[in-house]
Trainee: 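Have a look at this one before I ask anything.
Just so we're on the same page: letters track the sequence lines, and every chain starts at 1.
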There are 2 protein chains.
Amino acid sequence: MNTLSRRQRDFLQREQLFLDTARQILRNDGIAHLTMDRIAELTEYAKGTVYKHFTCKEDILCALCLECLQHMADLFRHASSLPGNSREHVMAVGTAYQMFTLRFPEEFDLLIASRTNKFRQKAAPKRVEDMGNADQVVHNQLRAIVGRAIADDALVLPPHIGVDELCFSLWAFSFGMLVLDQAKDMTTELQLPPVQQMLFSQFNLLLDGYGWKPLSSEFDYLQSFQRILRHMDVQS
Amino acid sequence: MNTLSRRQRDFLQREQLFLDTARQILRNDGIAHLTMDRIAELTEYAKGTVYKHFTCKEDILCALCLECLQHMADLFRHASSLPGNSREHVMAVGTAYQMFTLRFPEEFDLLIASRTNKFRQKAAPKRVEDMGNADQVVHNQLRAIVGRAIADDALVLPPHIGVDELCFSLWAFSFGMLVLDQAKDMTTELQLPPVQQMLFSQFNLLLDGYGWKPLSSEFDYLQSFQRILRHMDVQS
DNA sequence: TCATAACGTGACGATTCGTCATATTTTGCA
DNA sequence: TGCAAAATATGACGAATCGTCACGTTATGA
């Protein structure tokens with residue numbers, strides 16, 4: 001509309017350009033080649049201009065993580081749209097998470113680093129706060145699934161366990177497995193199944209522990225899993 | 001004995017000096033102040049000498065992580081010495097892990113970063129391999145507990161689940177919770193209990209899911225928890 | 001048209017990494 | 001013991017990258 005808003009639009013558009021370029025460098029050349037100078041060079045702006053948008057390198061990395069979380073939220077929304085019971089939805093979200101880490105390993109690496117204090121202390125507080133909100137969005141998707149499960153009596157919360165705690169645990173369990181799996185070296189002696197299969201089995205066992213119905217003994221979740229894979233592949 | 005071995009001893013001793021100094025900087029001043037020059041300065045050696053021991057910065061950080069894992073293995077050994085049933089031992093190890101992250105937050109931060117590809121690709125392959133072995137040692141402690149549980153019929157492996165997978169899951173679950181907990185910002189709206197309490201509850205639910213006896217409904221694990229806290233405090 | 005404000009620039013200082021030619025010490029042997 | 005050769009230690013140096021800022025350029029609106 002007026003001049004001010006045009007400027008603001010230009011500004012936002014340029015910020016997006018910087019982010020897209022940064023992501024492209026990250027994916028094509030790896031994080032080692034992701035420098036402020038290179039972003040400036042590829043976008044044909046000066047480095048000082050990049051610093052008008054981001055307070056420091058960690059800040060732009062943080063912004064990249066933010067977009068990853070938003071992307072994941074979209075994937076999870078799609079996973080939740082699968083017809084089926086609430087446990088299948090949890091499984092679908094877990095599978096979507098795993099597929100994300102597989103498809104975008106550099107970004108997942110960044111997401112791991114972003115849980116580090118070293119990282120969060122450098123980025124702008126505002127940006128870290130945004131990431132907290134993005135976390136919240138993802139968390140809410142889990143909460144919605146849990147809420148539905150409670151509503152249709154598939155799940156009765158175990159004593160002294162809140163909904164948030166339950167969602168947090170599901171999130172933490174997936175995160176932990178995916179991180180440790182991608183970091184385990186080829187040389188490990190451990191005989192482990194593929195992480196996708198472990199997520200499947202362990203989720204079933206944990207959800208059985210919650211008493212979340214139908215229990216794995218009462219339902220063919222292997223068939224669900226096949227269905228989920230097909231459902232998520234369409235999305236890709 | 002002979003000259004060669006004296007040199008080797010000196011070499012190892014100096015390496016330890018570098019590591020101790022690095023850890024001291026890490027704890028006192030934070031990772032931002034942990035530079036190769038500073039290590040050289042404090043130990044009164046030249047930087048080139050430090051590089052005789054470590055190929056790069058990540059390599060010395062990796063070595064620090066290695067010592068952390070060894071320290072944790074010791075803590076876990078102590079945790080496993082608690083008189084009690086096998087589930088109590090699992091809980092004791094989880095609690096020891098949590099206490100470690102609380103007491104040595106900077107080191108835990110480093111442990112998180114060390115699961116990153118960026119990190120592992122830079123460190124010397126030999127050192128990364130060592131870390132894999134240290135992981136293995138920790139893993140074996142869990143395996144011992146699980147093995148005992150199976151031996152005395154407290155646990156029957158769920159179908160298609162191996163011992164390694166079960167240990168990996170316990171490890172991943174704890175790791176995930178501790179990482180996400182320490183990274184959650186003060187501003188989060190989530191109403192979560194302290195992570196110590198979540199570890200307790202969620203472990204109980206997961207182990208119930210495994211059918212690991214005595215189930216949480218058959219045993220007063222809260223009392224165990226108090227006992228564990230006392231047991232681990234003595235160690236500190 | 002011009003004064004002022006907003007914006008863009010890239011040279012620069014600072015930090016830190018990792019190297020390597022040289023200096024020093026140790027070793028083994030005459 | 002003395003000395004040549006090998007092993008080791010050193011720190012000045014080059015390279016990479018970060019983040020800044022004084023200055024030049026463009027846009028605004030009276």
Side-chain angles (χ1 to χ4, degrees), chain A residues 1-18 21-22 25-26 29-64 110 113 118-127, chain B residues 1-18 21-22 25-26 29-64 110 113 118-127:
Chain A
M1 226 53 78
N2 58 32
T3 313
L4 187 65
S5 94
R6 184 172 67 73
R7 286 212 162 173
Q8 286 180 324
R9 259 187 292 121
D10 284 356
F11 189 84
L12 289 176
Q13 192 176 323
R14 199 171 52 199
E15 185 152 320
Q16 196 55 52
L17 174 65
F18 288 146
T21 305
I25 297 171
L26 180 64
D29 311 327
I31 196 162
H33 296 95
L34 178 43
T35 65
M36 298 309 256
D37 286 286
R38 194 149 157 66
I39 293 171
E41 182 195 330
L42 286 185
T43 54
E44 296 187 311
Y45 281 95
K47 189 158 54 155
T49 307
V50 181
Y51 276 96
K52 286 283 195 300
H53 292 259
F54 306 100
T55 62
C56 63
K57 195 183 180 185
E58 275 71 25
D59 198 43
I60 194 168
L61 293 179
C62 210
L64 276 182
L110 205 53
K118 182 190 177 186
F119 190 97
R120 295 166 98 87
Q121 280 162 7
K122 284 198 195 167
K126 171 75 171 63
R127 195 85 57 180
Chain B
M1 226 57 75
N2 59 31
T3 312
L4 189 65
S5 95
R6 183 174 65 76
R7 285 213 162 173
Q8 287 180 323
R9 258 186 293 119
D10 285 355
F11 189 84
L12 290 176
Q13 192 176 322
R14 199 171 49 200
E15 185 152 322
Q16 196 57 53
L17 175 64
F18 288 146
T21 306
I25 298 171
L26 180 65
D29 311 328
I31 197 163
H33 297 95
L34 179 42
T35 65
M36 299 306 258
D37 286 286
R38 195 150 158 65
I39 294 170
E41 181 196 331
L42 286 185
T43 55
E44 295 187 312
Y45 281 96
K47 188 158 55 156
T49 308
V50 182
Y51 277 97
K52 285 285 196 299
H53 293 258
F54 306 100
T55 63
C56 63
K57 195 182 180 186
E58 275 71 25
D59 198 44
I60 194 170
L61 293 179
C62 211
L64 276 182
L110 206 53
K118 180 189 178 186
F119 190 98
R120 294 166 97 88
Q121 279 162 8
K122 283 198 195 168
K126 171 75 172 64
R127 194 86 57 180

Trainee: Go nucleotide by nucleotide along DNA chain D from the 5' end; which of A/Lys52 and A/Thr35 gets its closest nucleotide reached first?
Mentor: A/Thr35
Trainee: Less than 4.0 Å between a side-chain N and a carboxylate O, is that true for B/Arg14 and B/Glu44?
Mentor: no
Trainee: B/Leu34 and side-chain contact (heavy atoms from CB on, under 4.5 Å): which partner among B/Leu64, B/Asp29, B/Ile60?
Mentor: B/Leu64
Trainee: Output yes when at least one side-chain N/O atom of A/Thr49 is less than 4.0 Å from OP1 or OP2 of C/dT9, else no.
Mentor: yes
Trainee: Choose from D/dT20, C/dG10, C/dG18 the nucleotide whose nearest atom is closest to any side-chain atom of A/Ala46.
Mentor: C/dG10
Trainee: Quick one: A/His53 NE2 to D/dG19 C1', roughly how many Å, whole number?
Mentor: 16 Å
Trainee: Would you mind reading off the distance between A/Lys57 atom NZ and D/dT17 atom P, rounded to a whole angstrom?
Mentor: 8 Å
Trainee: Rounding to an integer number of Å, can you tell me how far B/Tyr51 OH sits from D/dA12 P?
Mentor: 16 Å
Trainee: Between C1' on C/dG18 and CZ on B/Phe54, what's the gap in Å once rounded to a whole number?
Mentor: 15 Å
Trainee: Between B/Phe11 (CZ) and D/dA9 (P), how many Å, whole number?
Mentor: 8 Å
Trainee: For the residue pair A/Phe18 and A/Phe54, does the interplanar ring angle fall in the parallel (under 30°), tilted (30 to 60°) or perpendicular (over 60°) class?
Mentor: perpendicular
Trainee: Under 4.0 Å, heavy atoms only, any strand: does B/Lys47 hit a base, just the sugar-phosphate, or nothing?
Mentor: base
Trainee: Which nucleotide sits closest to the side chain of A/Asp37: C/dC17, D/dT10, D/dC18?
Mentor: D/dC18
Trainee: Expressed in angstrom and rounded to an integer, what is the separation of A/Asp10 atom CG from D/dT28 atom P?
Mentor: 10 Å
Trainee: For residues B/Ile39 and B/Tyr45, determine if any side-chain heavy atom of one lies less than 4.5 Å from a side-chain heavy atom of the other.
Mentor: no
Trainee: Once you round it to whole Å, what is the distance between P of D/dA27 and CD of A/Gln8?
Mentor: 18 Å
Trainee: Send over the distance from B/Leu12 CG to D/dT8 P, rounded to a whole Å.
Mentor: 13 Å
